[in-house]
Amino acid sequence: MKRQKRDRFQRAYVHGYKAGLSGRSRDECPSQDVDLREYWMSGWREGRGDQWAGMTGVAGIHKNPMVM
């Protein structure tokens, strides 16, 4: 069975979320495309907020964007 391609915007959001959660800088956004960068930054902000709120490790398992 063929796998469907994942949505580029969802992937950008998830990668941004992971970067924010791990404490990486927002300057590390890999995309120059305005739309993809917007989704990446949105995920980064969410991940950063979750890191500050202590939602890392087991405490943040319910916030995993891959499950949404």
Side-chain angles (χ1 to χ4, degrees):
M1 177 154 65
K2 289 185 179 181
R3 279 193 337 188
Q4 291 181 333
K5 281 195 168 188
R6 295 186 195 121
D7 182 24
R8 295 181 332 145
F9 300 115
Q10 182 182 3
R11 272 197 333 233
Y13 177 85
V14 169
H15 286 276
Y17 181 84
K18 288 179 183 178
L21 194 61
S22 65
R24 290 183 16 215
S25 171
R26 68 178 177 193
D27 296 331
E28 294 182 25
C29 178
S31 179
Q32 298 304 320
D33 180 25
V34 176
D35 294 331
L36 288 176
R37 185 172 177 83
E38 183 179 326
Y39 276 85
W40 193 92
M41 288 298 293
S42 178
W44 182 85
R45 282 187 211 99
E46 178 102 16
R48 206 59 178 153
D50 287 349
Q51 182 196 33
W52 291 332
M55 299 269 198
T56 57
V58 177
I61 202 159
H62 66 284
K63 287 286 292 185
N64 187 348
M66 296 298 289
V67 177
M68 289 191 234

A.B. asks: Return the OG to CZ distance between Ser31 and Arg37, rounded to the nearest 0.5 Å.
C.D. replies: 8.0 Å
A.B. asks: Taking all heavy atoms of Ala12 and all of Leu36, pick out the closest pair and write down the distance.
C.D. replies: CB-O, 3.8 Å
A.B. asks: Excluding sequence neighbours, so at least two apart, what forms side-chain contact (heavy atoms from CB on, under 4.5 Å) with Glu28?
C.D. replies: Arg24, Ser25
A.B. asks: Quick one: CE on Met41 to CZ on Arg45, what's the gap to the nearest 0.5 Å?
C.D. replies: 4.5 Å
A.B. asks: Residues in side-chain contact (heavy atoms from CB on, under 4.5 Å) with Gln51, at least two apart?
C.D. replies: Leu21, Arg48, Thr56
A.B. asks: Where is the tightest heavy-atom contact between Ala19 and Trp44, given as atom of each residue plus distance?
C.D. replies: C-CD1, 4.0 Å
A.B. asks: Is any side-chain heavy atom of Glu46 closer than 4.5 Å to one of Tyr13?
C.D. replies: yes
A.B. asks: Nearest 0.5 Å, please: how far is CZ in Arg11 from OH in Tyr39?
C.D. replies: 14.0 Å
A.B. asks: Taking Ser42 for the side chain and Glu38 for the main chain, is one N or O donor matched with an acceptor at less than 3.5 Å?
C.D. replies: no
A.B. asks: How would you list, by chain and number, every residue that makes a side-chain contact (heavy atoms from CB on, under 4.5 Å) with Asp35, sequence neighbours excluded?
C.D. replies: Phe9, Asp33
